Number of protein chains: 2
Amino acid sequence: MHTCAPMWVVAVIPMGGRMPVTIKDIARVAGVSHTTVSRALKGNPAISIETTDRIRKIAQQMGYTPSAVAQSLLSQRTQTIGMVITTIADPFVVRVVEGVEGVAQAADYSVFLATSHNNPNQENAVVETLHRRRVDAIIVTSSRVGSLYSSRLEQIKIPIVLINNQEEGEYLHSIRSNDIQGARLAVEYLLGLGHRRIGYLGCTNRPRSNQRRLSGYQAALQQAGIQPDPNLIANVAADTDIERGKAGFHLYAQAGATAVFCFNDLTAIGLMMEARRQGVAVPAQLSVMGFDNIEAAMYVTPPLTTVAQPLLELGRQAMQMTLALLDGKLVHDIRLPCTLVERESVAAPGR
Amino acid sequence: MHTCAPMWVVAVIPMGGRMPVTIKDIARVAGVSHTTVSRALKGNPAISIETTDRIRKIAQQMGYTPSAVAQSLLSQRTQTIGMVITTIADPFVVRVVEGVEGVAQAADYSVFLATSHNNPNQENAVVETLHRRRVDAIIVTSSRVGSLYSSRLEQIKIPIVLINNQEEGEYLHSIRSNDIQGARLAVEYLLGLGHRRIGYLGCTNRPRSNQRRLSGYQAALQQAGIQPDPNLIANVAADTDIERGKAGFHLYAQAGATAVFCFNDLTAIGLMMEARRQGVAVPAQLSVMGFDNIEAAMYVTPPLTTVAQPLLELGRQAMQMTLALLDGKLVHDIRLPCTLVERESVAAPGR
DNA sequence: TTGTACGCGTTATCAA
DNA sequence: TTGATAACGCGTACAA
């Protein structure tokens, strides 16, 4: 009697359950113990070549993928890191995330994204969640808090790397760009063009960075023999960076600045928008300098002259530092220099 | 004999190992079984009030956090989803991620971020990694491939939600904005202002969306009794959207368009940059219309008139759909309408 | 060369 | 009211 079963059906592989296939499933099909399967898949030389091949073939056909969950439970390592950010809506953050993710992926680490919305409670909550998930390390960007949950972080004994953090901490590792040097760079450039009445438009929600940039600004002025004028310095509280920038227009209108150095690019863009609305030409009547070099800085009119923070590099090195820490290595904090990006929003002061 | 032990030291709580504390550690300290600890922490009414309180206090002091890894192994659920994106550098993607993450966090899900760089191999690799980590579901944005790994996705029997995907798939769920309607909206607006020679500046790396927007463009023209002129249609291959936009300037220069509808905002911005460089005024001589309504569209000069894709909403609803699927509910694909955002890069054609 | 037994941290079942 | 035991998927020490 002739059946229709084709020659090449060697074994009937049962599939179609909802659960992922495990080494036990493979073991059952292959007629060996799950231990043998485990060894075969890892290329353990103790297992005969034929068995290994056979098992691998079956595993492939059954679409087997090892469970990182089970492996983690055993190894006490999840190959996972948590990235705590204020909000992904911040273009500053985006580049940093990009840097972290790239290095992480290359090192076979996966990244949990967790946003805190600059809210201390939520920041505590996400840290707690990450710990529950047993991430191997945590990277935090631009946190205001730090001190708040520090006692908790003492208990969670995993590497913590802070990027441009606003608080100091003993047991934490940090990496940041050199705000002071960056601010000096900006102001020296303006001075070099002949500006004497230079404004500083700062913020209130990132006190530490703001303070550093202000210091750099003041240092550059003093070195040039100019006494900083308080009227030319404004730390504006506002809902958004753009709003802050618009609100800072008085530095030109009232205080008579010929150039304004802004806390960040979005603030600078806001200032330029307000200037245009008021019919003030940038840079002919007012020079505007940003900080960060976000992507949009290239596209605005005029293209924004700014201080570039090495955002991508900040993220990359943060992840590299994390890997080093996970490797048990000693690391020292890192401060990356900023660079000036000359575009068209700054010119010599009008006569 | 008098010892120095102070009265208030009720128990010596051993701490300071590198491993996180487990319920067994707590059980040892409390002098009960780990089962009791588990029950007490979960508020099981079988455990006496005092024992429960005592155990909870100890757990707190020891800084206990349950291991999601162990819980996942048992429950076969990780409360985790994977988000596959091309690159976080795309402002389009950023908003979508924001939407997904917000809803996920509220539902107590964590999000793995995985970038594919629009590279099919890497896309396969990240899907494999996510499966290894036993994510409960996967959300993919703007994938070109889809078909490539579909056979693999058949084996991984978890919900897959595609956002603005470029390929069709049977067993996949999808959510996207209505490209055709959005494009019609744009072109009808231009027609209403009196434009007759309207260009379309498209791309090659997002064939499906591009085709849909082109269709909408053509439909609007035909409905107005205008035969689409092939010279006014350009699908430009370029490294970046900005480059594509610059390259599309010939639609004005050679083909004599009075308005150009661009595939996306960055393309439109590139076109405006080139126009400015060539001394062509936007919108006086050339109207430029974008698509997406990314953040930068507000800041460029002139502010870009564009079609808003509901990016945040796309992300939100994708995650909500995912939650519904995880809940075993039936869902149907979603198409969200686009809206027109009038700004200043479009005007009536010059006489 | 292969299999058995145990443990990772947690929950569920059954027994006391 | 509490405890012992098994199980989730995997890897490893030890035994055969």
Side-chain angles (χ1 to χ4, degrees), chain A residues 17-56 58-59 62-80 131-136 156-158, chain B residues 17-56 58-59 62-80 131-136 156-158:
Chain A
R18 291 208 63 269
M19 299 284 101
V21 8
T22 73
I23 50 173
K24 283 188 186 169
D25 299 329
I26 300 174
R28 210 169 300 125
V29 172
V32 296
S33 75
H34 77 274
T35 312
T36 302
V37 174
S38 172
R39 288 201 263 246
L41 295 177
K42 300 223 94 124
N44 188 320
I47 306 296
S48 75
I49 268 287
E50 311 94 47
T51 323
T52 300
D53 282 355
R54 196 166 59 87
I55 290 177
R56 286 200 172 153
I58 296 176
M62 296 178 74
Y64 171 76
T65 306
S67 162
V69 175
Q71 289 175 330
S72 297
L73 190 58
L74 199 56
S75 67
Q76 299 287 52
R77 275 231 174 181
T78 55
Q79 291 281 110
T80 277
H131 178 49
R132 243 189 342 110
R133 301 205 176 280
R134 294 296 187 267
V135 294
D136 293 336
I156 307 175
K157 295 201 195 325
I158 61 172
Chain B
R18 292 208 63 269
M19 300 284 100
V21 8
T22 73
I23 51 172
K24 285 189 184 168
D25 298 328
I26 299 174
R28 209 169 300 124
V29 172
V32 296
S33 76
H34 72 275
T35 312
T36 302
V37 174
S38 174
R39 287 200 267 246
L41 295 177
K42 298 221 97 119
N44 188 320
I47 306 295
S48 77
I49 269 286
E50 310 94 49
T51 321
T52 299
D53 281 354
R54 195 167 57 87
I55 289 177
R56 286 198 172 157
I58 295 176
M62 296 177 72
Y64 171 76
T65 307
S67 162
V69 176
Q71 290 174 330
S72 298
L73 188 59
L74 198 57
S75 67
Q76 300 285 46
R77 275 230 174 181
T78 54
Q79 291 282 110
T80 276
H131 178 49
R132 240 185 348 108
R133 300 206 176 279
R134 294 297 186 267
V135 294
D136 293 336
I156 307 175
K157 294 200 195 331
I158 60 172

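Keep in mind the model is a prediction, meaning the values are calculated, not measured. Below, chains carry the letters A, B, ... as their sequence lines are ordered, and counting in each starts from 1. Side chains are part of it too, since the values below use all heavy atoms of this structure and drop only hydrogens, waters and symmetry mates.
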Compile the donor-acceptor pairs under 3.5 Å between side chains in residues 38-50 of chain A and protein atoms, sequence neighbours left out, one pair per line.
unit_1	atom_1	unit_2	atom_2	d
A:Asn44	OD1	A:Ala46	N	2.8
A:Ser48	OG	A:Thr51	N	3.3
A:Ser48	OG	A:Thr51	OG1	2.3

Nearest-Å distance, [atom1] ([X]) to [atom2] ([N])?
{"X": "B:Met19", "N": "C:dG7", "atom1": "CE", "atom2": "P", "value": "18 Å"}
{"X": "A:Arg133", "N": "C:dT10", "atom1": "CZ", "atom2": "P", "value": "14 Å"}
{"X": "B:Arg77", "N": "D:dG9", "atom1": "CZ", "atom2": "C1'", "value": "19 Å"}
{"X": "A:Asp53", "N": "C:dT1", "atom1": "CG", "atom2": "P", "value": "14 Å"}
{"X": "B:Arg54", "N": "D:dT1", "atom1": "CZ", "atom2": "P", "value": "15 Å"}

Would you mind reporting whether B:Arg133 and A:Gln79 have side-chain heavy atoms less than 4.5 Å apart? yes

For a 4.5 angstrom cut-off between non-hydrogen side-chain atoms, does B:Ile23 reach B:Tyr64? yes

Nearest non-hydrogen partners of [X] and [Y], listed with the distance:
{"X": "A:Val21", "Y": "A:Gly63", "result": "CG1-O, 4.1 Å"}
{"X": "B:Pro20", "Y": "B:Asp25", "result": "O-OD2, 4.1 Å"}
{"X": "A:Ala27", "Y": "A:Ser33", "result": "CB-C, 3.7 Å"}

State which residues pass side chain to side chain contact (heavy atoms under 4.5 Å, CB included) with B:Ser75; sequence neighbours excluded, sorted by chain then number. B:Arg77

Going by the rule side chain to side chain contact (heavy atoms under 4.5 Å, CB included), which residues pair with B:Thr78 if we only count those two or more places apart in sequence or in a different chain? A:Val69, B:Ser72, B:Thr80, B:Arg134, B:Asp136

Could you give the angle between the helix axes at the two ends of the helix from C:dT1-D:dA16 to C:dA16-D:dT1, with five pairs per end, rounded to 10 degrees? 50°

Distance from A:Ser67 atom OG to A:Met19 atom CE, nearest 0.5 Å? 11.5 Å

dist A:Ile156:CD1 -> A:Arg132:CZ (nearest 0.5 Å) comes out at 12.0 Å

According to a strict under-4.0 Å criterion, is [X] in side-chain N/O contact with OP1 or OP2 of [N]?
{"X": "B:Gln71", "N": "C:dG9", "value": "no"}
{"X": "A:Ser33", "N": "C:dT4", "value": "no"}
{"X": "A:Ser67", "N": "D:dG9", "value": "no"}

Short heteroatom pairs, N/O only, protein and nucleotides 6-8 of chain D, under 3.5 Å:
unit_1	atom_1	unit_2	atom_2	d
D:dC8	O3'	B:Gln76	NE2	3.3

If you pin B:Tyr64 and A:Val32 to their nearest nucleotides in DNA chain C, which one's is more 5'? A:Val32

Have a look at B:Val69 and say if it touches a base, only the backbone sugar-phosphate, or nothing, with a 4.0 Å heavy-atom cut-off. nothing

When we call it a touch if two heavy atoms are under 4.0 Å apart, what does B:Thr51 touch: a base, just sugar-phosphate, or nothing? sugar-phosphate

What I want to find out is whether A:Arg56 reaches A:Asp53 closely enough, with some N-O distance under 4.0 Å, to be called a salt bridge. no

May I ask you to list the residues of residues 36-49 of chain A, by number, that have any heavy atom positioned under 4.0 Å from an atom of DNA chain D? A:Ser38, A:Arg39, A:Lys42

